[in-house]
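One structure is given here, and the rest of the page talks about it.
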Amino acid sequence: VLDSLLSGFEVALSPTNLIYVLFGVTLGLVVGILPGLGAGATIALLLPFTFGLEPETGIIMLAGVYYGSMYGGRITAILMRLPGEASAMLTAIDGYELAKQGRAGPALGISAFASFIGGTLAILGLTFFAPTFASYALKVGPAEYAAVALLALVLACTIGSGSLLRSLAMVAVGLLLASVGTDPVLGTQRLTGGNLELFSGIGIVPVAIGLFGVAEILHYMENTHVANVIKSGLRDIFPTRADWKQSAMPILRGSGLGFLIGVVPGPGAAAAALTSYSVEKRRAKDPSRFGKGAMEAVAGPESADNAASQSAFIPLLTLGIPGTVVLALMFGALQLQGITPGPQMVDEYPDVFWGVIASMYVGNIILLLLSVPLSGVFIQVLRIPMGVLGPIAIVISLYGAYSLRGSIFDMWLVIAAGAIGYVMRKVRLEPAPLLLAFVIGPILESNFRRALLISDGDLSIFVTRPGSAGILVVLGLLLVVPLISRRRKGGLLGLEEDVPVDAPESIAENPAPGERR
Amino acid sequence: MVATALFITLLGAATLWAGDRLGVGALVEPGAGMWPMILGGALVILGLAMLALESNVPAEPLTDRSWLVLVALAVVAAFVWLFAQVGPTVSTFLFMLVWLKLLSGNSWRVTVLVALGSTAALYAIFVLGLSISFPDDLLTATG
């Protein structure tokens, strides 16, 4: 492992890759700070740019944007109660309270270090566990693959903020959209309505840009937020010794939790932050401080979301199953380069695999160096009003969608997806399960059908093989347990905050798919 | 919302119908319609469940600015149409002009400066920098 890692550092430290990592994390920081334009939309916009780069360089840059934005999300969360990223939601609660008490500086400082420590510990885990994971994954058959893909989708639903039922409906819509085009086995056209442009299927990029980027801008337009900026307390960035003492254990716990949750495809960084928050609150001597400016409530979730965003690369790089929207886009970027992420990647593309991992060490150090002194400067970016930023982002989205395939049709798709995404928001349907299902759909379908080919059309293959049976049992529990516990609380809306409790349990029940064989 | 649940149900029903027309085949030898049929069935079930259990989820209320979203979509659509006809420069400049002035209500000074600046910058990045071939451009005659 160490040899491979060293060769990875050679890749990561080459001048070109260093520049792109720097560019990626800086951009990530900026979009992380900007509410609205999230990492997902930015990576979607950058996809066409990676086409002309070496595969490792492109992924290094996109990965940088991703974890950079996790890092940046906390800044506006603390200063303005505006989480730049969903995962910074929890930081916003106590961070903003701290800022109101004039302690914005220490809160920013602690969260920067928490992010750094969480991220770095998770990369260490990634370095040592990913290759082992990949060697297990090689032994996994199509029945297990289909089961894991399904599990990833259901997990994504149980963790979201909306109701399980509605998220599942969105998964079904996503799978349906993914099935438009050519049948993967028979090669016949299906659900295209005879439209030639649809024969090759609907592209990931236009759908992602529309659902996330354009829909967000449209939604922002009808609700003009007025943010109240806090100007005081920016000068002393450095936390006191008492702050450190309070935060040290939450950071370590948060890193561990975040790493574990990140490995499970589905939940993602926001769930990790949520879990860490609830754990710290339960452990606290005086839980009532939470929500009123507790430093632990900033330190724990911040380290957890950064750790999760790093370890989430494990299922992507070793199984080829993206767990979150952003990783789904990463998957798309690798495919653009002709690389199919999966268990073979470690051996077939060691440069990409190890280069990306090594670049994460580098990127995290850059982020720490950048964000401590520059926190104040970055906030200036916020002075650009959305009324100016919005149309520019839309043009970039459309340019990006066009340049991927040189297709005007894809631009129309962006608009359609944008309109749909806006309406979905209005009627409280979540776009994330839809997009994830859209990306995982082909993996699920082709493995489902391959499994049936092996078993001669016998559906029992999914329950007789121990691996897929085990996963399906976990899946069943995930679907049934929240239904019961919610009914007990007297509502199926799923708006209660019982979600974080599910996450750690699901990890305990869900070891690597290969281990069950 | 009843409408949302009904929509999901109808989408499922339509998929079932389309899947049936494609030919379902058997599990041993699935036809092109098998996978759509499975999804259609799932959608119908989920839609009906939503109808039964969650039809009281309120939609986010429209604000007095909501009509702007429709206008914005129309403006974006006009931009794409124009982009296909005359290339990136003119279409982008006009789009920025309309959005910045009419939709965002910026001053003329900001509007013209940002529209010019962003059009030029985006052209430089995409066409000159990344040499992506956009539709033939009216102004620069490159594409």
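To find a chain, count down the sequence lines: A is the first, B the second, and so on, and within it residues start at 1.
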If you look at every heavy atom in A:R450 and A:P142, which pair is closest and at what distance?
CB-CB, 3.9 Å
Quick one, B:L43 and B:T9 - any side-chain contact, counting heavy atoms below 4.5 Å?
no
Determine the option with the most heavy-atom pairs under 4.5 angstrom with chain A, choosing from B:L39, B:V80, B:L46.
B:V80
Shortest non-hydrogen separation from A:G58 to A:L53 and the atoms involved
CA-CD1, 3.9 Å
Of B:A77, B:S104, B:S91, the largest count of non-hydrogen pairs under 4.5 angstrom with chain A goes to B:A77
What class does the angle between the rings of A:F448 and A:F462 fall in, given that below 30° is parallel, 30 to 60° is tilted and above 60° is perpendicular?
parallel
Atom group of A:I394 that falls short of 4.5 Å from chain B, counting heavy atoms
side chain
Side chain, backbone, both or neither: which part of A:R428 has a non-hydrogen atom closer than 4.5 Å to chain B?
side chain
Which one, B:V114, B:L73, B:V110, leads in non-hydrogen pairs under 4.5 Å with chain A?
B:L73
Among A:V171, A:V423, A:I415, which has the most heavy-atom pairs under 4.5 Å with chain B?
A:I415
Chain A: which of B:F79, B:W81, B:F83 shares the most heavy-atom pairs with it under 4.5 Å?
B:F83
Sub-4.5 Å heavy-atom contacts with chain A: which residues of residues 13-23 of chain B show up?
B:T15, B:A18, B:L22
Keeping the roles fixed (side chain from A:R425, backbone from A:A215), state whether a donor-acceptor pair exists under 3.5 Å.
no
Is A:Y422 in contact with chain B via its backbone, its side chain, both, or neither, using a 4.5 Å heavy-atom distance?
side chain
Side-chain H-bond candidate by donor/acceptor type, A:Y399 with B:T92, under 3.5 Å
yes
Chain B contact via A:L398 - side chain, backbone, both or neither, heavy atoms under 4.5 Å
side chain
Side-chain contact, heavy-atom cut-off 4.5 Å: A:M424 with A:E430?
no
Among A:T182, A:V214, A:L459, A:V395, residue most engaged with chain B (heavy-atom pairs, under 4.5 Å):
A:V395
Any donor and acceptor pair, going by atom type alone, linking the side chain of A:K426 with main-chain N or O of B:P61 inside 3.5 Å?
yes
With a 4.5 angstrom heavy-atom cut-off, which part of B:L103 approaches chain A: side chain, backbone, both or neither?
side chain
So which of B:A121, B:S118, B:S66 has the largest heavy-atom pair count under 4.5 angstrom toward chain A?
B:S66
Shortest non-hydrogen contact between A:A417 and A:P206, atoms and distance:
CB-O, 4.1 Å
Counting heavy-atom pairs under 4.5 Å with chain B, the top scorer among A:L452, A:L176, A:L453 is A:L176
Do B:D137 and B:T89 have side-chain atoms, one donor and one acceptor, less than 3.5 Å apart?
yes
Checking B:I38 against chain A: side chain, backbone, both or neither under 4.5 Å from a heavy atom?
side chain
Heavy-atom nearest pair, B:L100 first then A:G387, reads CD2-O, 3.5 Å
Once rounded to the nearest 0.5 Å, what's the spacing between atom CD of B:E60 and atom NE2 of A:H219?
3.5 Å
If you measure from CG on A:L150 to CG on A:L472, what distance do you get to the nearest 0.5 Å?
7.0 Å
If one checks every heavy atom of A:V173 against chain B at 4.5 Å, the contacting part turns out to be both
Under 4.5 Å, counting heavy-atom pairs only, tell me which of A:D458, A:V180, A:L175 racks up the most with chain B.
A:L175
So which heavy atom on B:A5 is nearest to which on B:M50, and how close?
CB-CB, 3.7 Å
